Every structure is written in structure tokens, then in C-alpha cells.
Amino acid sequence: MRIIFMGTPDFAVPCLLRLLADGEQVVGVFTQPDKPKGRGYTLTPPPVKTAALEHGVPVFQPTTLRDGEAEKIIRSLAPDLIVVVAYGKILPAEILFFPKYHSVNIHASLLPKYRGAAPIQWSILCGETETGVTSMLMDEGIDTGDMLLHKTTKIEENMTAGELHDVLAELGAQVLSETVSALKNGTLCPVPQTGESSYAPMLTKALCPLDFSKSAQEVHDQIRGLSPYPTATFLLSGKRIKAFRSKLGGTADKAFPAGTVVSCNGDIAVVCGDGNLVHITELQPEGKKRMSASAFLVGHNLPVGALLE
RNA sequence: CGCGGGGUAGAGCAGUUGGUAGCUCGUCGGGCUCAUAACCCGGAGGUCGUGUGGUUCAAGUCCCACCCCCGCAA
């Protein structure tokens with residue numbers, strides 16, 4: 001099967017590699033243009049580009065798919081199928097439906113929930129205990145196409161978005177592999193999306209500051225859901241600190257104000273709005289490396305009673 | 001040349017106006033204890049990121065160059 005693969009970030013890499021490993025004929029990869037990133041604005045290629053080049057697959061990085069150029073390229077590649085995984089661009093109908101088998105998308109949620117850019121993080125932020133990966137036949141809407149196959153996975157209590165990302169990326173590769181072979185065999189039954197839908201928009205820094213007046217569970221979910229990027233933050237005597245990991249456990253003896261540190265025994269236990277504690281176990285001060293809370297406590301005098309905000 | 005913080009014992013940090021390098025944790029040994037992540041005593045462990053660099057009687061501490069790590073912003 002001649003396949004054009006479209007994807008950009010790390011999440012899409014296992015899918016691409018799986019297609020190659022399955023012996024599919026990946027005739028071209030579309031990915032976002034290299035962008036200036038990080039300190040010094042170094043021009044950085046997207047992960048999918050790097051992976052594609054390592055396997056000798058031609059890479060295309062158009063800034064738009066709507067000027068006719070991209071369509072010409074795609075026609076010349078004569079694909080039987082287009083596979084889209086976290087590409088970051090909306091495909092026009094003339095491209096979407098050009099291949100014989102049209103276009104298939106792998107999405108990191110159980111549709112119709114968490115359509116959009118950041119389903120992995122939002123599923124944790126919203127306190128879900130289960131999520132998954134869905135393959136669908138693409139239509140012109142955002143993640144609204146008819147569903148093909150899906151696989152589910154549990155979200156463990158202390159799992160971070162980064163960990164869930166890796167699990168779902170692998171699961172996505174499996175779903176993709178099965179979808180492609182079922183497509184060839186003609187055994188798929190597309191199912192329209194019904195039921196309650198929701199939208200998982202891109203994450204912004206506005207979501208990062210922690211609000212300890214919320215419940216411990218909510219604070220915990222915020223820390224997990226934003227870890228390792230863009231990372232929940234709090235202030236300690238004016239300095240911003242990132243929180244990468246936390247766990248729940250215990251309640252405050254007295255009615256301390258939300259954000260009060262009630263113990264520094266191996267981790268930083270903070271009172272939340274509902275009186276329960278969230279234990280920050282891994283953090284990173286500005287300009288420092290990421291470290292365990294216990295390491296942080298060894299070198300910093302953080303008194304019980306200190307206020308985090 | 002986008003802005004900024006930092007590189008000192010395995011880890012996290014101090015090191016004041018330049019004058020034989022410290023703290024906490026860990027580690028090793030010993031002691032106490034029914035027991036312990038507790039407590040007591042003792043020890044090991046650093047050419048202070050790199051430089052046959054500069055200033056100085058003397059540099060972790062000032063100056064210069066380079067390497068590396070990180071936060072912001074994109």
C-alpha cells in the first residue's frame with residue numbers, strides 16, 4: 001500500500017516507524033516546517049522529519065496545503081492512503097479524499113471526547129481514569145470523522161501527561177497497524193461519532209500557575225496533566241518553581257490557609273482548599289535542574305508553615 | 001548576536017570587603033535501642049566547569065576566553 005504519512009511531534013513517530021516496520025510503502029512524509037526553538041532560536045526540525053530522513057523517506061514541509069502546490073505533490077506520489085497523526089494542519093477536502101482509501105487519522109482519545117490539539121493532557125486535567133486511542137476516517141471537521149478502531153488504557157493515579165503520552169503513542173501505532181490491515185481486507189465498519197463530545201484546546205501558560213485553594217485532587221491533576229510540559233508552577237518567596245510530580249495523601253490537622261506547607265519530610269506537603277494534602281515530590285527552581293523534593297529540601301531551608309502561592 | 005540564572009565532596013546548598021574549603025543528606029565504621037527513615041561518636045570523599053590565561057605577596061572569591069546545564073520568551 002502506498003502511503004503518505006503526515007505528522008509532526010514525538011507522538012507521531014511510533015506510528016511512522018510502525019508503518020515502515022509493517023513493510024508499507026511510505027512514499028512521502030509531510031511535516032511542519034523547521035521552526036526556531038529554544039535559546040538562541042536554533043532552527044529545529046520536527047521529530048517526524050528526523051525519523052523520516054533516517055529511513056530515507058522523502059520529506060515535504062509546506063507552509064500551506066491550500067495553494068495547489070501540496071496537492072500537486074500528493075497527486076504525483078499517487079498514494080492509496082493518507083495517514084495523519086498530530087500533523088498540526090487542517091487538510092482540504094481535495095487532499096483528504098484524493099487517495100483510494102481516503103485519509104485516516106490517529107487521535108489520542110476515546111472520541112468523541114477530547115477532540116483537538118491536547119487530548120492527552122486534558123484527559124488528566126479533567127481527572128479521567130481511562131482514555132485511549134481512536135482511528136477514524138477523516139472528514140473536514142476537527143476530529144469528527146467516522147470511527148474505525150480504538151484501544152483503551154488506564155490512567156494510573158500518579159501518571160503524568162508525559163508518561164501517558166508515551167503509552168498512547170505506542171498504542172496509537174498498534175491501532176494504526178491494525179486499521180491499515182483491516183482497511184486492506186475491507187473488514188472495517190465506520191461508526192459515526194455519537195454521544196457527548198468535548199474539545200481539548202492547545203495548552204497555554206495561563207493554565208500553569210497552581211491554585212491551592214482548589215481541592216487536592218484538582219491540584220494533583222493539574223500537576224500531572226501539565227508535566228513535563230508546560231509544567232504547573234507555584235511561587236515560593238517570590239521565586240517561581242515548577243512542579244513535575246506529586247501524590248495525594250493525608251489531611252491537615254488544623255485549618256491552615258490553602259498553600260501552607262505542613263511537612264517537609266521527604267516531600268513537600270501542602271494544604272489545599274478542601275483540607276487535603278498534596279505532596280510535591282519532584283520540582284525545579286528557575287535556573288536549576290529538575291530534582292526530587294527531598295534533594296531540594298536538603299539544600300533549602302523550607303520551614304513548615306511557609307506559604308506557597 | 002532575544003532576556004536571564006547557574007557550574008564548589010555521590011546529592012542539594014553556603015562561602016561575607018580576595019588570606020591554608022564548609023553545611024545538610026547520603027556513604028563507611030562504631031555505639032545506643034525490642035526496633036527504626038530515630039539518636040550519639042568517628043572516618044572517607046573536592047586539582048572549587050576548562051585555560052602552560054590575566055591582576056595579586058595571595059583567587060572558589062576580581063578580569064578575560066571557552067565548554068556545559070537550566071529558567072523566560074518564541
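Below, read A as the first sequence line, B as the second, and so on, with proteins coming before strands; counting in each chain starts at 1. Given the structure is predicted, the values throughout are model-derived calculations rather than measurements.
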Discussion item. Heavy atoms only, 4.0 Å cut-off, all strands: where does A/Lys239 land among base, sugar-phosphate and nothing?
Written reply: nothing
Worksheet item: Is A/Gln284 near enough to B/rC70 that one of its side-chain N or O atoms lies under 4.0 angstrom from OP1 or OP2?
Response: no
Worksheet item: Are side-chain heavy atoms of A/Ile155 and A/Leu164 found at a separation under 4.5 Å?
Response: yes
Worksheet entry | Note, A/Leu168 side chain near A/Thr131 side chain (heavy atom, < 4.5 Å) | yes
Item to complete: Would you mind reading off the distance between A/Met202 atom CE and B/rA74 atom C1', rounded to a whole angstrom?
Response: 13 Å
Worksheet item: Can a side chain N or O of A/Lys289 be found less than 4.0 Å away from OP1 or OP2 on B/rC68?
Response: no
Discussion item. Once you apply a heavy-atom cut-off of 4.0 Å, does A/Lys35 come out as touching a base, just sugar-phosphate, or nothing?
Written reply: nothing
Worksheet item: Taking RNA chain B as the partner, which of residues 293-306 of chain A come within under 4.0 angstrom of it by heavy atom?
Response: A/Ala295, A/Phe296, A/Val298, A/Gly299, A/His300
Practice prompt. Using a 4.5 Å cut-off on heavy atoms from C-beta on, say whether the side chain of A/Val85 contacts that of A/Phe11.
Written response: yes
Acceptor/donor pairs from residues 293-305 of chain A side chains to any protein atom, 3.5 angstrom cut, sequence neighbours excluded:
residue, atom, partner, partner atom, Å
A/Ser294, OG, A/Ser292, OG, 3.1
A/His300, ND1, A/Phe296, O, 2.8

Could I get a table of every N or O pair under 3.5 Å where one atom is in the protein and the other is in nucleotides 1-7 of chain B?
residue, atom, partner, partner atom, Å
B/rG5, N2, A/Gly287, O, 2.9

Worksheet item: A/Leu283 CG to B/rA11 C1': how many Å, rounded?
Response: 14 Å
